[in-house]
Every structure is written in structure tokens, then in C-alpha cells.
Amino acid sequence: MKILKEIANNVEKGDSATVKELVKTALSQKIEAEEILNSGLVKGMDVIGVKFKNNEVFIPEVLIATRAMKAGMDIIEPSLTHEKSKYKAKIVIGTVKGDLHDIGKKIVCMMLESEGFEVIDLGIDVSKDKFLKCINRENPDIIGMSALLTTTMSYMREVTEVMEKVKFEKKVKVIIGGAPITQSFADEIKADGYAPDGAYAVDLIKNLIKK
Ligand code: B12
């Protein structure tokens, strides 16, 4: 769809104002919010990711694209909210210590909220102490960790290790995600699940809370 391509192009260019307008137009054309997110906004970020990797763009361009992406996410957020689901669960989520990437985590939070789950977003650079304190304070059903760097994904292991006892006592499950994460890494660090994107994260949590 042409408008989705335009949204992707403008995220890539970092033109927040145009992204906002295009997203509003797409919504008024009754294009599903999830489709705008995945086939428009995320597509634009994917292109920036490849260009960044190939040294065709640098941090300032990535930051400007991030701003445009977030501007679009703010517009679609209210439209993502479906009817409250029958699933009830409290989810605490954060990007692990040393890692500042938060776009993917925010998408996961938005998708979970749209399904009626209660989500507490601890933000970025979250230490194991902060996760632990939050478990004791909030009694969540699920802890979600995000990491985008191969250097920070190992911190997830530190968190699952310190959580081993409390996980059992509090019956909390741990899920992980982010571009470098795989199911086999999740198994290796004894996480209860991994999801490659927001839609899979919703299904994963529905399955975990049934158990
Ligand atoms: C945007 C971006 C940035 C922005 C972040 C802005 C922000 N507010 O997030 C800025 C410019 C700050 C940045 C900085 C850096 N970045 Co950067 N960045 C990216 C980029 C281009 C896009 C990431 C993104 O937002 N993707 C779009 C979202 C939608 O996808 P996603 O994050 O994967 O999330 C989805 C899934 O993974 C999943 N998911 C995510 N989290 C979770 C959590 C749970 C619980 C679950 C279930 C699922 C889940 O669902 C999400 C939705 O579908 C990637 C390239 C890439 N291909 O990933 C590089 C990338 C991640 N960055 C990279 C690097 C190297 C850096 C820097 C070290 C650069 C530098 N020299 O300073 C710094 C590190 C800063 C730090 N300490 O964190 C590398 C990492 C390489 C590696 N192997 O570790 C990448 C891969 C680029 C590259 N190929 O070189 N970056």
C-alpha cells in the first residue's frame, strides 16, 4: 500500500511531522493500526538499521528516525486498544542494564496493553536490583526483558540467576526478546519464553499464564 511505503520512507528520513500526518490519514482510511505499525513504521526503522550497519547513516540520523517512529507510535497507540481480553495478568518489562534501545520494548508494551494486560514499563538500563525490587513490590505474573546489543544480552542471564529463588516463591515467569535473542538463548539462561515480536509476545504470555 502506497501510504505505508510513504510512512516507512518518512521514518527513514526522520520527518516526524509528515509521519504524524500520514499515520492519521492511514487510520482515517481504516487501515489497521497493527498494519501501520508493522508495514509502515517498523519497515522504516528496518531500513535505517541496515543502513546503520553498512555505515551509510550514523547515530544522528538513527536518532532522528527514532523520533519520527515514536511520533507515529503515539498516534496509533489509542487505536491499538481492542476490547479488554479475558486474560488478566500483570507484566513488568524493561530494557536491561547498559542498553538504551527502547522502541521494540515500547511496541511490546503497546501490544500487551491493547490486549488488556496491565503493564509496568521500567524503562531502559534496568539493573537486576530494580527488577527484583519491582517483583517484590508489584507481584507481577511475568517479567519481560529486552536487549538489542550482543554485549547486553548476557546481562539477562545475571537477572535470571538472581531471580531463581524469587521466581519460585512468587510464581513469576520470565520472558525475553530483542533482535539478537533466540529461543536457544532463552533455554540456555532458563527463561520461560522468547518472542520475536509484539504479536508473538501476546500469545506467549497467554500461554504462560494458562499454565
Ligand atoms: C534505533 C537504534 C539505535 C538508537 C536507539 C534509540 C531508541 N530510543 O531505542 C540509538 C541511536 C540510541 C542506538 C545506539 C546504539 N546502537 Co543501536 N540500533 C538501532 C537500530 C537501528 C534499530 C533498533 C530498533 O528500534 N528496531 C525496531 C524495533 C521495532 O525492533 P526490535 O527492537 O528488534 O524489537 C522487536 C523485537 O525484537 C521484539 N522485542 C524487543 N524487545 C522485546 C522484549 C520482550 C520481552 C519480547 C518478548 C520481545 C521483544 O519485539 C519488538 C517489536 O516487534 C538497530 C538495528 C537493528 N537491526 O536492530 C541498531 C543496533 C541494535 N544498534 C547497534 C549499536 C552497535 C549501537 C551502539 C553501540 C552504537 C554506538 N557506537 O554508540 C549504541 C548503543 C547504545 C546503548 N548503550 O544501548 C547494533 C548492535 C550490534 C550488536 N550486535 O550488538 C545494531 C544491531 C545496529 C548494527 N547492525 O550495527 N541505536
Side-chain angles (χ1 to χ4, degrees), residues 7-8 11-12 14 16 33-74 76 80 89 91-115 117 119-127 131 140-156 159-160 172-183 185-186 189 191-209:
I7 291 172
V11 167
E12 193 195 327
S16 298
E34 257 184 78
E35 193 175 356
I36 300 173
L37 180 63
N38 293 321
S39 309
L41 298 168
V42 173
K43 274 265 149 61
M45 241 15 247
D46 286 346
V47 177
I48 275 287
V50 173
K51 289 193 170 174
F52 185 40
K53 190 177 177 183
N54 297 334
N55 292 323
E56 291 166 43
V57 297
F58 299 95
I59 300 242
E61 288 96 327
V62 179
L63 281 174
I64 296 167
T66 301
R67 204 164 59 200
M69 165 94 194
K70 287 187 174 170
M73 282 164 64
D74 287 347
I76 58 166
L80 267 178
I91 296 129
V92 166
I93 190 162
T95 301
V96 296
K97 195 174 167 195
D99 201 318
L100 309 177
H101 295 85
D102 70 347
I103 299 174
K105 171 185 63 67
K106 281 199 170 155
I107 291 179
V108 173
C109 290
M110 268 166 52
M111 303 277 290
L112 295 176
E113 277 168 351
S114 81
E115 287 285 327
F117 291 116
V119 179
I120 299 170
D121 183 353
L122 294 179
I124 51 175
D125 196 21
V126 181
S127 66
F131 277 116
D141 303 280
I142 308 275
I143 292 286
M145 287 189 273
S146 180
L148 265 286
L149 301 172
T150 43
T151 48
T152 55
M153 62 189 269
S154 57
Y155 192 76
M156 289 175 160
V159 182
T160 51
V172 57
K173 301 235 160 64
V174 179
I175 64 166
I176 60 174
I181 307 301
T182 58
Q183 182 61 54
F185 180 70
I189 68 165
D192 300 286
Y194 151 79
D197 65 25
Y200 278 99
V202 168
D203 290 343
L204 172 66
I205 291 175
K206 283 180 181 171
N207 279 327
L208 284 173
I209 59 176

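Just so you know, residue 1 is the first one in the sequence shown, and it goes up from there. Whatever order the structure lists ligands and atoms in, that order sets their numbers, starting from 1.
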Nearest 0.5 Å, what's the CG-CE distance between L37 and M73?
7.0 Å
Which protein heavy atom lies closest to atom 41 (N) of ligand 1, and at what distance to 0.1 Å?
S146 OG, 2.8 Å
For T66, atoms of ligand 1 separated by under 4.0 Å from a heavy atom:
1 (C), 6 (C), 7 (C), 8 (N)
Do V92 and V172 make a side-chain contact, defined as non-hydrogen atoms from C-beta onward lying under 4.5 Å apart?
no
Is there a donor-acceptor pair closer than 3.5 Å between any side-chain N or O of D121 and the backbone N or O of K106?
no
Every N, O or S from the protein that is nearer than 2.8 Å to atom 17 (Co) of ligand 1:
H101 NE2
Protein contact to atom 29 (C) of ligand 1 [nearest heavy atom, distance to 0.1 Å]:
I107 CD1, 3.6 Å
Give a yes or no on whether atom 19 (C) of ligand 1 lies under 4.0 Å from any heavy atom of the protein.
yes
Atom 12 (C) of ligand 1 has as its nearest protein heavy atom L63 CD2, 3.9 Å
Under the 3.5 angstrom rule, does the side chain of S146 hit a backbone N or O of G178 as a donor-acceptor pair?
no
T160 side chain to I189 backbone, donor-acceptor under 3.5 Å
yes
Determine, considering heavy atoms only, which of D46, I59, L100 sits nearest to atom 78 (O) of ligand 1.
L100
Under-4.0 Å heavy-atom contact with ligand 1, by part of V108 that carries it:
side chain
Verify salt bridge (charged side-chain N to carboxylate O under 4.0 Å, His left out) between E115 and K206, making sure each step is shown before the conclusion.
CA-CA 10 Å; E115 287 285 327; K206 283 180 181 171; 3.1 Å; yes
Between P196, A199, G177, flag the one that comes closest to atom 36 (C) of ligand 1 by a heavy atom.
P196
How close do L149 and G98 get, heavy atom to heavy atom, and via which atoms?
CD1-O, 4.3 Å
Closest to atom 90 (O) of ligand 1 among protein heavy atoms sits K53 CA, 4.1 Å
Under 4.0 Å from one or more heavy atoms of D197, ligand 1 contributes atoms 38 (C), 50 (O), 53 (O)
Using every non-hydrogen atom in the two residues, find where T95 and H101 come nearest and quote the distance to one decimal.
OG1-O, 3.0 Å
Any idea which atoms of ligand 1 are less than 4.0 Å away from a heavy-atom of A179?
33 (O), 37 (O)
Would you find a donor on one side and an acceptor on the other, under 3.5 Å apart, between the side chain of D192 and the backbone of V174?
yes
Rounded to the nearest 0.5 Å, how far apart are OG1 of T151 and CG of D99?
7.0 Å
Heavy-atom contacts with M145 under 4.0 Å: which atoms of ligand 1 show up? List them by number with element.
43 (C), 44 (C), 45 (C)
M156 versus G177, closest heavy-atom pair with distance
CE-O, 3.7 Å
Just to be sure I read this right, does ligand 1 sit under 4.0 Å from the backbone of P180, its side chain, both, or neither, counting only heavy atoms?
neither
Residue portion contacting ligand 1 (non-hydrogen atoms closer than 4.0 Å) for K70
side chain
Looking at atom 86 (C) of ligand 1, would you say a protein heavy atom lies below 4.0 Å from it?
no
For atom 26 (N) of ligand 1, find the nearest protein heavy atom and state the residue, atom name and distance (0.1 Å precision).
M45 CG, 4.5 Å
Location of contacts on M69 toward ligand 1, heavy atoms closer than 4.0 Å
neither
Verify atom 47 (C) of ligand 1: protein non-hydrogen atom under 4.0 angstrom away:
yes
Heavy-atom count check: over 12 atoms from other residues, nucleotides or ligands less than 6.0 Å from K70 NZ?
yes
Got a sec, which residues hit salt bridge (Lys or Arg N to Asp or Glu O under 4.0 Å) with K97, two or more places apart in sequence or on another chain?
none
Only one of I205, D141, I142 forms a side-chain contact (heavy atoms from CB on, under 4.5 Å) with F117, so which one is it?
I205
When distances are taken from atom 57 (N) of ligand 1, the protein heavy atom at minimum range is G49 CA, 4.3 Å
Select the closest option to atom 34 (O) of ligand 1 among G144, G104, G94, judged by heavy-atom distance.
G104
Specify the protein heavy atom at minimum distance from atom 77 (N) of ligand 1: its residue, its atom name, and the distance to 0.1 Å.
G98 O, 3.0 Å
Looking at F185, I want to see if its CZ is surrounded by more than 12 non-hydrogen atoms of other residues, nucleotides or ligands under 6.0 Å.
yes
Show which atoms of ligand 1 fall inside a sub-4.0 Å distance from at least one heavy-atom site of D99.
78 (O)
Has E113 got a side-chain atom pairing as donor or acceptor with M110's backbone, closer than 3.5 angstrom?
no
Nearest to atom 82 (C) of ligand 1, what protein heavy atom do you find, and at what distance?
T150 OG1, 3.6 Å
Can you find a heavy atom in the side chain of F131 that is under 4.5 Å from one in the side chain of V126?
yes
